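Quantities reported herein were computed from a predicted structural model and do not represent experimental measurements. Letters A, B, ... mirror the listed sequences (proteins, then strands); counts begin at 1.
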4 protein chains.
Amino acid sequence: MVESETAAVKRASIGAKRNPASQNAILDAAEAILNEEGLAGFSIEAVARRARAGKPTIYRWWPTKTALLLDVYQRFKNTRPFPDTGSLEGDLKAFLNNQLIGFWQDRLCGTVFRSIIAEAQGDDDAAQALFAYERGRRKFAEQIIERAKARGEVSAEFNGAVVIELLAGFAWHRLLTGRLNNSDEDIDAVVAMIMAAAKNGLRS
Amino acid sequence: MVESETAAVKRASIGAKRNPASQNAILDAAEAILNEEGLAGFSIEAVARRARAGKPTIYRWWPTKTALLLDVYQRFKNTRPFPDTGSLEGDLKAFLNNQLIGFWQDRLCGTVFRSIIAEAQGDDDAAQALFAYERGRRKFAEQIIERAKARGEVSAEFNGAVVIELLAGFAWHRLLTGRLNNSDEDIDAVVAMIMAAAKNGLRS
Amino acid sequence: MVESETAAVKRASIGAKRNPASQNAILDAAEAILNEEGLAGFSIEAVARRARAGKPTIYRWWPTKTALLLDVYQRFKNTRPFPDTGSLEGDLKAFLNNQLIGFWQDRLCGTVFRSIIAEAQGDDDAAQALFAYERGRRKFAEQIIERAKARGEVSAEFNGAVVIELLAGFAWHRLLTGRLNNSDEDIDAVVAMIMAAAKNGLRS
Amino acid sequence: MVESETAAVKRASIGAKRNPASQNAILDAAEAILNEEGLAGFSIEAVARRARAGKPTIYRWWPTKTALLLDVYQRFKNTRPFPDTGSLEGDLKAFLNNQLIGFWQDRLCGTVFRSIIAEAQGDDDAAQALFAYERGRRKFAEQIIERAKARGEVSAEFNGAVVIELLAGFAWHRLLTGRLNNSDEDIDAVVAMIMAAAKNGLRS
DNA sequence: AGCTAACCGAGACGGTACGTCTAGTCTTGCG
DNA sequence: CGCAAGACTAGACGTACCGTCTCGGTTAGCT
């Protein structure tokens with residue numbers, strides 16, 4: 001993904017339209033800087049230097065630093081499955097492992113997402129972008145509970161939204177406190193807790 | 001607490017020891033800026049300007065921006081009770097309401113804590129300080145579960161650490177996604193979920 | 001001359017040859033910008049924007065900003081007479097009034113020429129163009145002295161080149177120090193000074 | 001004067017007051033850049049780089065590029081005499097040689113002054129500064145004529161202001177057309193012209 | 001009682017990054 | 001092939017903070 005991080009190639013305009021080579025070089029550079037120096041060293045200036053791009057080229061396509069971060073994050077998505085494992089327990093574990101904790105452990109996904117969350121705490125635009133994205137992800141994940149209800153695994157009153165947010169919150173907390181690794185056992189514990197609550201058939 | 005935010009008074013040295021008036025003026029200014037302009041406008045320079053203090057005076061006592069943020073946060077603490085309500089359910093609700101969500105809704109506590117978390121994502125020192133603080137808070141909160149075990153409300157195998165982290169994660173997630181308000185019903189749902197799991201007597 | 005400064009008309013290519021409409025639109029825009037915003041606001045970018053022309057179109061025909069300026073200046077020329085008034089005094093006054101100070105007071109001529117001189121101080125190409133132009137003008141003006149010698153108004157040893165340069169220098173100085181206006185009386189004084197020197201019949 | 005152009009020394013603050021070492025390093029660097037690269041290469045950025053100074057340090061003390069140029073120019077002044085030679089002819093030659101043409105030929109004085117004139121053509125503040133300076137210089141030089149009148153060399157009606165401006169204009173013209181050198185003979189011719197006019201006793 | 005050490009406000013210092021502007025080059029697609 | 005359009009690299013613009021430093025002054029506490 002970061003194949004051209006020291007791209008010494010000369011990259012001119014390709015006419016009156018966006019040059020995908022530049023776009024990729026910028027995203028590559030952004031990713032590489034986050035990887036090597038973390039959020040603290042991540043500046044538009046540094047990205048431009050590394051990508052051998054002009055600053056205006058970056059500002060033309062990404063209005064804010066966070067927009068660039070979000071784009072870097074988007075490049076990682078779509079690869080991991082979000083399967084119907086046939087059981088609530090399996091689905092919840094897959095959710096944590098494939099979409100949250102496990103996903104963030106892969107490459108820079110976690111680093112980038114941490115940066116986005118941090119950025120959103122001080123910048124309103126970033127906040128709106130992140131919140132919209134996150135709300136969508138949660139809504140999507142609530143299908144897990146709908147499937148479980150269809151299967152009869154949980155009662156219709158079971159509060160799916162809260163379950164999903166509990167899992168997401170747990171994962172965010174692990175991410176933001178630098179404790180993603182060695183979470184396997186705790187993931188099992190969390191899911192077991194949810195399953196226990198589900199078996200009691202309560203409305204939440 | 002912010003009684004002297006426009007302190008026009010002249011505040012000289014009081015000799016070879018720390019001047020508490022300066023210390024307070026700086027913390028007041030920091031708080032006021034966070035209140036009025038948010039994390040984005042929060043800079044040492046701005047705090048010094050507003051507090052009519054010299055920058056070195058700030059750097060002498062707070063090595064980093066985050067240290068100052070942590071101090072601002074500390075000023076809010078200690079007031080809210082952390083009672084033994086006599087039941088696990090009561091204790092958990094009190095934990096969320098008095099120590100987490102409810103507490104953060106009060107004045108600037110939430111804003112400041114959000115800022116600290118954000119800062120910690122890019123600054124290692126800040127991260128260590130926050131993580132140590134947070135770990136301590138969780139350990140302390142686990143007493144809730146110990147008390148419940150002593151009462152016989154939950155089995156000895158109940159995974160208290162995970163429960164506390166689920167609640168903390170839920171609260172962080174609400175804080176960081178700007179959804180602290182209108183959480184009362186969801187707090188009840190979360191606690192009900194935990195109680196349901198506890199009643200099943202599982203190891204977690 | 002500035003008839004199409006807001007040229008909203010669509011101006012396409014007229015095939016494989018230079019489009020005079022574009023050329024004029026560019027010169028018009030350049031002139032208008034100099035008029036309204038002065039040399040400081042005069043950029044190729046601004047000219048292209050105003051003329052609704054592509055930057056390459058400008059660069060194709062004018063290699064430098066100064067070349068464009070010189071072209072704008074040239075459009076003003078040729079209209080004023082450079083007559084043989086029959087006397088040295090009349091010729092000198094006509095020179096100052098028609099070719100220098102009086103000419104520069106007309107419309108933007110002075111503004112444009114000031115800009116060219118300024119440009120020439122930092123750009124070698126511009127300097128060469130300006131100097132060649134100016135040298136030619138002086139040589140031409142020296143005919144005034146030749147005519148006076150033919151008439152017997154001054155001796156053959158009279159240093160015509162220095163006289164012309166004195167007048168040119170005086171005019172440049174007025175132009176560059178923003179004092180073109182109210183020069184009439186001073187023009188008379190300058191010419192009287194030259195006439196007095198001439199009458200003494202000295203070699204200069 | 002440019003003794004520390006590659007000043008590798010570390011130059012910290014000397015407290016809450018202007019550091020003359022920085023000031024000198026900046027002026028040295030500005031001078032060196034003008035010398036080596038001319039006005040075209042003269043940017044605040046380049047000066048800061050060469051002086052190993054921060055850009056804000058330059059902007060703190062010199063609001064515009066021209067202000068810096070003027071300061072560089074001022075460092076050259078005051079050394080050359082402006083003597084009373086006892087005769088109008090001698091005074092005029094000394095004026096041209098010591099204060100104008102001859103002075104500008106020395107080191108970078110001419111280059112710097114050319115740059116100032118150029119800058120003044122596009123920047124109003126620069127123009128005001130230059131015009132005020134220049135007006136003062138001319139007023140001062142008019143003492144030459146006053147002295148000649150006191151000596152009885154010229155009549156009381158002799159127009160001193162115009163004479164001084166003729167000389168200044170001649171010198172500016174030589175400077176701005178890159179023809180300072182080999183002016184000695186022409187200086188003599190110019191002065192002879194003025195002397196001839198003076199002898200005729202005309203009012204100008 | 002005098003000296004010293006640490007404090008205080010102030011603000012300059014060398015830097016880095018910001019977001020905007022222009023320079024000059026390039027390519028596309030229409031006419 | 002000329003044209004409008006607009007992308008590209010490059011780098012200067014002027015501003016805001018960063019964290020460090022020295023200044024000149026003040027006062028507490030030790031000698």
May I have the distance from [X] (atom [atom1]) to [N] (atom [atom2]), rounded to whole angstrom?
X	N	atom1	atom2	value
R50(A)	dA17(E)	CZ	P	14 Å
W62(B)	dC18(F)	CH2	P	15 Å
E45(C)	dC8(F)	CD	P	14 Å
I58(B)	dT20(F)	CD1	P	13 Å
L68(B)	dG19(F)	CG	P	12 Å
K17(D)	dG25(F)	NZ	P	11 Å
D123(B)	dG19(F)	CG	C1'	13 Å
I44(A)	dA16(F)	CD1	P	20 Å

Establish, with yes or no, whether the OP1 or OP2 oxygen of [N] is under 4.0 angstrom from a side-chain nitrogen or oxygen of [X].
X	N	result
W61(A)	dG6(F)	no
R60(B)	dC8(E)	yes
R49(B)	dC17(F)	yes
R18(B)	dA6(E)	no
R52(A)	dA10(F)	yes

Which nucleotide wins on minimum distance to the side chain of [X], given the candidates [options]?
X	options	result
K65(C)	dG19(E), dA23(E), dT16(E)	dA23(E)
P56(D)	dT9(F), dA16(F), dC13(F)	dA16(F)
S22(D)	dC13(E), dG9(E), dG11(E)	dC13(E)
Y59(A)	dC18(E), dC13(F), dA10(E)	dC18(E)

Closest-nucleotide 5' rank along DNA chain F - winner of P63(D) and A48(C):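 Nearest nucleotide further toward 5': that of A48(C).
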Could you tell me the separation between the OG atom of S43(B) and the CZ atom of R49(B), rounded to the nearest 0.5 Å?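 Output value for this atom pair is 6.0 Å.
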Any N or O donor-acceptor pair under 3.5 Å from the base of dG19(E) to the side chain of K55(A)?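 Indeed there is one.
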Classify the side chain of S13(A) and the base of dA7(F) as holding, or not holding, a donor-acceptor pair under 3.5 Å.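 It does, because a donor-acceptor pair links the side chain of S13(A) to the base of dA7(F) below 3.5 Å.
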State whether the side chain of Q23(B) and the backbone N or O of N19(B) hold a donor-acceptor pair below 3.5 Å, judged by distance alone.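 No, the answer is negative, given that no donor and acceptor are paired below the 3.5 Å cut-off.
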Of all heavy-atom pairs between P20(B) and I14(B), which one has the smallest distance, and what is that distance? CD-CD1, 3.8 Å
What is the nucleic acid contact for T57(A), judged by heavy atoms within less than 4.0 Å: base, sugar-phosphate only, or nothing? base
R50(B) bridged to E36(B) by N-O distance under 4.0 Å: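 Counted as a salt bridge, because a side-chain N and a carboxylate O are separated by less than 4.0 Å.
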Less than 4.0 angstrom from a charged side-chain N to a carboxylate O is my criterion; do D28(C) and R75(C) meet it? yes
Closest-nucleotide ordering on DNA chain E, the 5'-leading residue of I14(D) and F42(C): I14(D)
Mind telling me whether F113(B) and Y73(B) have parallel, tilted or perpendicular rings, with 30° and 60° as the class edges? parallel
